[in-house]
Protein chains: 2
Amino acid sequence: MTTLGHVLLGLLARAPASGYDLAQKLKGPVDFFWQARHSQIYPELARLEQDGYVVVQHVPQTERPDKKIYRITDAGTTVLKAWVIAPVEVPVVRDELVLKAYCLWLAHPAAAIELFRAHAHHHTELLARYQRNQGWLLEQWATEGRRIDSPWFGSIASIQRGIGYEQEYAAWCRWMIEQLEQAISD
Amino acid sequence: MTTLGHVLLGLLARAPASGYDLAQKLKGPVDFFWQARHSQIYPELARLEQDGYVVVQHVPQTERPDKKIYRITDAGTTVLKAWVIAPVEVPVVRDELVLKAYCLWLAHPAAAIELFRAHAHHHTELLARYQRNQGWLLEQWATEGRRIDSPWFGSIASIQRGIGYEQEYAAWCRWMIEQLEQAISD
DNA sequence: GTTTTATATGTAAGTATTGACATATGGTTC
DNA sequence: GAACCATATGTCAATACTTACATATAAAAC
């Protein structure tokens, strides 16, 4: 099973959904640390169905194109539960901006600074979005007595990482800008 | 040009090196945010040579297998300098551990906690390594009067990101462990 | 003496992901 | 009336990366 397969099972374990629904959730940074396009999602769903981890229900619609609702099966839940506690490798980080920072000694500081201003802005925006999301998630979780076996806890755990990540990334960008500004003024 | 091509040019802009040397630098987390295997590096070097961005010098050796030393050309330096200040997309983060955290509501806390202890350990170790490296790099940079056009600055900038990243990741793992411990004791 | 390790360079098959192509419905905007 | 957008599902080619295969030298470990 691919990681994307587990991503899809992880989402379907919370609620049934169509391929389109899943693609919407995975298309960008919402509350979650995985991204995928529909072109990868549809074939993966077909594989999950073949393997018996999900079942599909065809839903005809009149005002919109027909859709297919996917539901996780008992077999799917079993493999998902086993996978969650299985050891996992540390992900490889490949960040082109850090690579550019590594090569920054070749550039004019004034030309390079815009690069880091743009990324500082982006990560600050995303941080604010995650923080708003976190506030709402914490409220939802509280209504369920802050149980660790609630899906809300999973969302909070991942958004917590998103907040830390964006905070740190934005701080690094600001540090880079400082260094560059100092070099420009000298 | 691929990103790996720029990685290799970025390294060769500092000093000539063989494919093996480059593979050593890129094989794991040393001072840098890019990883690649020799199986990807050798073909990429051949492409860079074809494009005229590097030249190769065959060096026969008696006590070891012969090697090929690659040097960046003026054309290579030109494209590298242009690339450094060019805008770049925000990298997509795909982290299986965060995904597991998202699905953690499906697992027994006692079974899941080992996962986060292992990763907390790993990121703490890597952080210490980066911090030792940083101390040495800062000394080297100081001897050159902390010039921003020194390669040392590039190394420091990337290690700075590595330190922030590992610090934050380790902190998140510890937060996850806390949550899980609390759930176990309840 | 045999195995292992470091040096040194490659190829080939398979997987993961992206970007483009492809089609169809119905509502909204211009 | 035409163009565009959201919904909805798919395929295909290309790229990026990993894993395994493949070979050769010489020193060091056992």
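Residue numbers begin at 1 in each chain, while the letters A, B, ... track the order of the sequences.
By the 6.0 Å and 45° rule, Arg161(B) stacks over the aromatic ring of Tyr169(A). Geometrically, Arg14(B) does not engage Phe153(B) in a cation-pi contact defined by less than 6.0 Å to the ring centre and at most 45° from the axis.
Each of Trp34(A) and Lys67(B) was assigned the nucleotide of DNA chain C with the nearest heavy atom; the assignment lying further toward the 5' end belongs to Lys67(B).
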Using a cut-off of under 3.5 Å, enumerate the N/O to N/O pairs linking the protein to nucleotides 24-27 of chain C.
unit_1: dG26(C); atom_1: OP1; unit_2: Thr62(A); atom_2: O; d: 3.4

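The pair Arg47(A)-Glu44(A) meets the salt-bridge criterion, since a charged nitrogen lies less than 4.0 angstrom from a carboxylate oxygen. Using a cut-off of 4.0 Å between Lys/Arg side-chain N and Asp/Glu carboxylate O, Glu49(B) and Lys68(B) are scored as not salt-bridged.
We find that CG of Asp21(A) is positioned 8 Å from P of dT9(D), with the value rounded to whole Å. Taking atom CD of Glu44(B) as the reference point, atom C1' of dT9(C) lies 16 Å away to the nearest angstrom. Rounded to a whole Å, the NE2 atom of His38(B) is 12 Å from the C1' atom of dA12(C). As a whole-Å value, the separation of Glu49(A) CD from dT9(D) C1' is 14 Å. Atoms CG (Leu4(A)) and C1' (dT18(C)) sit 13 Å apart, rounded to a whole Å. Rounded to an integer number of Å, the gap from CG of Asp66(A) to C1' of dT23(C) is 14 Å. Atom P of nucleotide dT18(D) and atom CD of Glu96(B) are separated by 15 Å, given to the nearest angstrom. In this structure, Glu89(B) places its CD atom 19 Å from P of dT15(D), rounding to the nearest Å.
Recorded end-axis angle for the helix from dG1(C)-dC30(D) to dC30(C)-dG1(D) stands at 30°, based on five pairs per end and rounded to 10 degrees.
Of the candidates dT7(C), dA8(D), dG19(C), the closest approach to any side-chain atom of Arg37(A) belongs to dG19(C). Comparing dA20(C), dG10(C), dA8(C) against the side chain of Tyr70(B) picks out dG10(C) as the nearest. Proximity note for Pro43(A) (side chain, C-beta onward) versus dA16(D), dT11(D), dT7(C): the nearest is dT11(D). The nucleotide whose nearest atom lies closest to any side-chain atom of Tyr42(A) is, among dA8(D), dA20(C), dT11(C), dA8(D). The Thr2(B) side chain lies nearest to dA16(D) when the options are dA8(C), dA16(D), dG10(C). You'll find that the side chain of Gln40(A) is closest to dT18(C), out of dT18(C), dA8(C), dT9(C). Nearest to the side chain of Lys68(B), among dT9(C), dT18(D), dT11(D), sits dT9(C). Candidate nucleotides dG19(C), dT17(C), dT18(D) were compared by shortest atom distance to the side chain of Ser39(A), and dG19(C) ranks first. Taking every side-chain heavy atom of Arg94(A) into account, dT18(D) is the closest of dT9(C), dT18(C), dT18(D).
Atom CZ of Arg71(B) has more than 12 heavy atoms from other residues, nucleotides or ligands within 6.0 Å.
When only modelled atom types and interatomic distance are considered, Asp74(A) and Tyr53(A) share no side-chain donor-acceptor pair under 3.5 Å. Side-chain N/O atoms of Trp152(B) and Glu144(B) include a donor and acceptor closer than 3.5 Å. Between Gln134(B) and Gln160(B), the side chains place a donor N or O and an acceptor N or O closer than 3.5 Å (distance only, hydrogens not considered). Side-chain N/O atoms of Asp21(A) and Ser18(A) include a donor and acceptor closer than 3.5 Å. Defined by atom type and a distance below 3.5 Å, a donor-acceptor pair is missing between the side-chain atoms of Gln167(B) and Trp172(B).
Listed pair Gln61(B) / dA8(C) meets the phosphate criterion, a side-chain N or O lying under 4.0 Å from OP1 or OP2. Dashed line: the shortest gap from a side-chain N or O of Tyr20(A) to OP1 or OP2 of dT9(D) is not under 4.0 Å.
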